[in-house]
Amino acid sequence: MSDEFKAQFFELVDASVSQYVAELGEAVAIPSVSADLQTHLKDIIQMEEWTKSYIERLGGTAELLPNPKKVDEDGNELPPILLAEFKAADNSELKKTVCCYAHLDVQVKLCKLC
């Protein structure tokens with residue numbers, strides 16, 4: 001990676017900090033607590049829809065697919081699976097594939113002393 005590229009990249013990042021903070025604020029405001037599906041299933045789906053929209057704004061494609069498991073061991077409906085893709089602008093069929101896996105949910109702090 002050239003020094004010129006690094007400089008341009010970090011200049012863009014520095015110029016966009018307020019945008020990134022605002023977007024992060026939108027995301028973390030959604031209480032997508034997967035440990036409590038009965039209460040937060042709609043929040044988890046809202047988080048998936050927010051992320052899908054964000055991916056599409058960035059130029060990717062995304063879709064929500066039905067979860068093949070359908071329900072968890074307690075009988076709670078499971079949220080859909082978000083599948084997204086970003087393709088290289090030029091010669092995408094010649095580029096290598098990178099697979100990423102991530103969670104969109106949040107975890108509650110269980111320990112009151114922590």
Side-chain angles (χ1 to χ4, degrees):
M1 189 176 339
S2 73
D3 288 340
E4 180 182 342
F5 176 83
K6 286 182 198 177
Q8 289 176 344
F9 175 80
F10 286 112
E11 184 178 313
L12 176 63
V13 169
D14 290 342
S16 302
V17 167
S18 62
Q19 174 190 342
Y20 299 148
V21 170
E23 291 167 346
L24 179 60
E26 287 177 26
V28 299
I30 302 169
S32 55
V33 183
S34 64
D36 186 2
L37 283 173
Q38 285 185 316
T39 304
H40 291 285
L41 179 61
K42 72 177 179 56
D43 298 318
I44 295 166
I45 293 170
Q46 179 186 1
M47 183 68 223
E48 290 180 309
E49 289 170 345
W50 184 92
T51 305
K52 178 181 181 294
S53 174
Y54 190 77
I55 289 166
E56 291 168 346
R57 285 194 319 263
L58 292 174
T61 59
E63 61 181 311
L64 290 169
L65 304 169
N67 192 315
K69 191 172 174 191
K70 300 198 187 317
V71 296
D72 68 7
E73 53 279 347
D74 296 322
N76 297 304
E77 180 184 350
L78 291 171
I81 296 169
L82 175 62
L83 181 65
E85 180 178 45
F86 289 93
K87 287 194 173 196
D90 298 320
N91 300 315
S92 62
E93 67 281 353
L94 301 176
K95 306 292 182 182
K96 293 188 180 198
T97 299
V98 176
C99 181
C100 300
Y101 173 81
H103 288 267
L104 302 173
D105 59 334
V106 296
Q107 299 298 315
V108 294
K109 187 194 267 189
L110 297 177
C111 176
K112 293 183 181 189
L113 301 174
C114 297

Output for pair (Glu56 CD, Glu63 CD), nearest 0.5 Å, gives 10.0 Å
If every non-hydrogen atom of Ile44 is compared with every non-hydrogen atom of Ser34, which pair is closest and at what distance?
CD1-CA, 3.5 Å
Hydrophobic cluster of Leu24, others only, ordered by chain and residue number, side-chain cut-off 4.5 Å:
Val28
Looking at every non-hydrogen atom in both residues, tell me the closest pair between Leu37 and Leu78 and how far apart they are.
CD1-CD2, 3.7 Å
Minimum heavy-atom distance between Ala62 and Lys52, given as atom pair plus value
O-CE, 3.3 Å
Less than 4.5 Å apart, any side-chain heavy atom of Thr51 and any of Met47?
yes
Could you go through Tyr101 and His103, starting from their C-alpha distance and side-chain angles, then the distance that decides it, and tell me whether this counts as side-chain contact (heavy atoms from CB on, under 4.5 Å)?
CA-CA 7 Å; Tyr101 173 81; His103 288 267; 3.5 Å; yes
Scan for side chain to side chain donor-acceptor pair (under 3.5 Å) pairs involving residues 10-27, sequence neighbours excluded, and state none if there are none.
Gln19-Glu23, Glu23-Tyr54, Glu26-Trp50
Residues, nucleotides or ligands: over 12 heavy atoms within 6.0 Å of Glu77 CD:
no
Look at atom CZ of Phe86 and say whether more than 12 heavy atoms of other residues, nucleotides or ligands are closer to it than 6.0 Å.
yes
Determine the minimum heavy-atom distance between Thr61 and Ile55, stating which atoms define it.
O-CG2, 3.9 Å
Is the closest side-chain heavy-atom distance between Val106 and Pro31 below 4.5 Å?
no
For the CD1 atom of Ile81 and the CG atom of Asn67, what is their distance to the nearest 0.5 Å?
4.5 Å
For the CG atom of Leu104 and the CD atom of Gln46, what is their distance to the nearest 0.5 Å?
12.0 Å
Show the nearest heavy-atom pair for residues Asp74 and Asp72, with the distance to one decimal.
N-OD1, 2.9 Å
Of all the heavy-atom pairs spanning Ala88 and Lys95, show the shortest one and how long it is.
CB-CG, 3.5 Å
Counting C-beta onward and ignoring hydrogens, is there a side-chain heavy-atom pair between Glu49 and Ser53 closer than 4.5 Å?
no
Find the distance between CG (Asn76) and NZ (Lys70) and round it off to the nearest 0.5 Å.
15.5 Å
Would you compute the distance between atom CD of Glu48 and atom CG of Asp105 and round it to the nearest 0.5 angstrom?
9.5 Å
